[in-house]
Amino acid sequence: MKDLKLLLPKNISLCIGLVFVFGVNLIHAQNDTIVDYKPFSVSAHVKNMHIWHGFVVHSGAVLATSLEFNSKNEKFTFGFWGGGSFATTDVINKDTGDNVSAYYKELSIYTKYRFSDNFFIEAVTHNNYTGVEERGDKLSYWSYDKTQGYNFVDLNFGYNVTPNTLLYLATIINGGSGDYEVLDDGSLENSWTHYFEINSKVWQDKNSSLSVFAGGAWSFITDKTFYTESSGNIINVGTTYNKNIDIKGYKLPVDVTLMWNPEAEKAVLQLDITLF
């Protein structure tokens, strides 16, 4: 009995120690699982202007944000992208004919599925409602009226032919936001405009990289396209330089994009700073 009493405290101590070690390992494993999989993420960017597919969507400073969900296997993404400007742009009120000021406002919804590391499909509903009320229209977020001109849907495909080279095809569906041609009888013919871009990273070091891109638009159905004044054309040529700036241990990604639209004869330089 005396020997048992002497052994008991040691056994209890051993059991407590094992339980403690097991518990710490379990918590650590759970924490690893939580850290490894983050279903939701947010981002914020400050830009001196907002460009897209050869367009200068807004020529003034913009704050852009996103909120998205990603599946655990990283194949499925669903998110929201929004932008708002610090300065106004002029729009024409259709009733008075006067120029009125309006802030750039956009809230777009997107979803993406990655079939492999090389291939993905994506759908985006672009909702740029800048100046809708200011020009005299009724604001309706879910309106896809062809002639109202601020909502449309893109169906996109992307394929990496190499780890550094992406082929990207986007198609506007259902004639949204003016993607149509007016026929002689007054009816509207959907253009189903296609936009194709090649983007390739041509140089990289530890903290920076340089990519070049070229994109064009066309329609198989109408002469007019969403992006061009008449027939299809090259509309988006340029380069993007990315650099991670070290600020007391914090890496601040900065992109500078030089964009040239040969058809519109427009060249701009966009600065894009990722805050988080």
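Bear in mind that the values here come from a model prediction, so they are computed numbers and not experimental data.
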Discussion item. Applying side chain to side chain contact (heavy atoms under 4.5 Å, CB included) to Ser177 and Phe226, what does each step give before you reach the verdict?
Written reply: CA-CA 8 Å; Ser177 193; Phe226 179 81; 4.0 Å; yes
Suppose we call two aromatic rings close when their centres sit under 6.0 Å apart. Are [X] and [Y] close by that rule?
| X | Y | answer |
| --- | --- | --- |
| Phe220 | His194 | yes |
| Phe69 | Phe40 | yes |
| Phe152 | Tyr150 | no |

Between [atom1] on residue [X] and [atom2] on residue [Y], distance to nearest 0.5 Å:
| X | Y | atom1 | atom2 | result |
| --- | --- | --- | --- | --- |
| Asn160 | Leu166 | CG | CG | 5.0 Å |
| Lys201 | Ser209 | NZ | OG | 5.0 Å |
| Leu258 | Tyr241 | CG | OH | 14.5 Å |
| Ser191 | Asp179 | OG | CG | 4.5 Å |
| Ile121 | Asn156 | CD1 | CG | 8.5 Å |
| Arg135 | Thr130 | CZ | OG1 | 9.0 Å |

Worksheet item: Checking side-chain contact (heavy atoms from CB on, under 4.5 Å) against Ser66, which of Ser43, Ser41, Ser108 comes through?
Response: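 Of the listed residues Ser43, Ser41, Ser108, the side-chain contact (heavy atoms from CB on, under 4.5 Å) partner of Ser66 is Ser43.
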For [X], does the [atom1] atom sit with more than 12 other heavy atoms under 6.0 Å from it, leaving out its own atoms?
| X | atom1 | result |
| --- | --- | --- |
| Lys266 | NZ | no |
| Leu67 | CG | yes |
| Asp205 | CG | yes |
| Trp260 | CH2 | no |

Side chain [X], main chain [Y], donor-acceptor under 3.5 Å:
| X | Y | result |
| --- | --- | --- |
| Gln148 | Lys138 | yes |
| Asn151 | Ser143 | yes |
| Thr239 | Ser211 | yes |
| Thr77 | Asn70 | no |
| Asn48 | Leu269 | yes |

Item to complete: Go through the steps to decide whether Tyr168 and Phe157 satisfy the test ring pair (Phe, Tyr, Trp, His ring centres under 6.0 Å), and finish with yes or no.
Response: CA-CA 6 Å; Tyr168 177 80; Phe157 300 88; 9.4 Å; no
Distance only, no hydrogens: is a donor on one side chain within 3.5 Å (strictly under) of an acceptor on the other, for [X] and [Y]?
| X | Y | result |
| --- | --- | --- |
| Asn233 | Thr228 | no |
| Asn118 | Ser116 | no |
| Asp272 | His45 | yes |
| Tyr113 | Glu122 | no |
| Thr193 | Ser219 | no |
| Asn127 | Tyr141 | yes |
| Asp185 | Ser187 | yes |
| Asn207 | Asn244 | no |

Sub-4.5 Å side-chain heavy-atom contact between [X] and [Y]:
| X | Y | result |
| --- | --- | --- |
| Lys47 | Ile273 | no |
| Phe120 | Tyr159 | no |
| His126 | Asp154 | yes |
| Ser59 | Thr89 | no |
| Asn128 | Tyr104 | yes |
| Asp223 | Glu181 | yes |
| Trp203 | Ser208 | yes |
| Phe76 | Arg114 | no |

Practice prompt. Start with the C-alpha gap between Lys251 and Asp246, add the side-chain angles, then the distance that decides, and say whether side chain to side chain contact (heavy atoms under 4.5 Å, CB included) holds.
Written response: CA-CA 5 Å; Lys251 300 293 186 182; Asp246 194 328; 3.3 Å; yes
Discussion item. Run the side chain to side chain contact (heavy atoms under 4.5 Å, CB included) test on Ile235 and Tyr195 for me, step by step, so that the C-alpha distance in whole Å, both residues' side-chain angles and the decisive distance to 0.1 Å come before the verdict.
Written reply: CA-CA 9 Å; Ile235 57 167; Tyr195 172 81; 3.8 Å; yes
Worksheet item: Between Lys94 and Asp137, does at least one N-O distance fall below 4.0 Å, as a salt bridge requires?
Response: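 So Lys94 pairs with Asp137 through a salt bridge.
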Worksheet item: Is there a side chain to side chain contact (heavy atoms under 4.5 Å, CB included) between Val46 and Leu275 once you walk through the steps?
Response: CA-CA 7 Å; Val46 174; Leu275 302 179; 3.7 Å; yes
Worksheet item: Any cation-pi pair here, Lys146 with Tyr180, using under 6.0 Å and within 45°?
Response: no
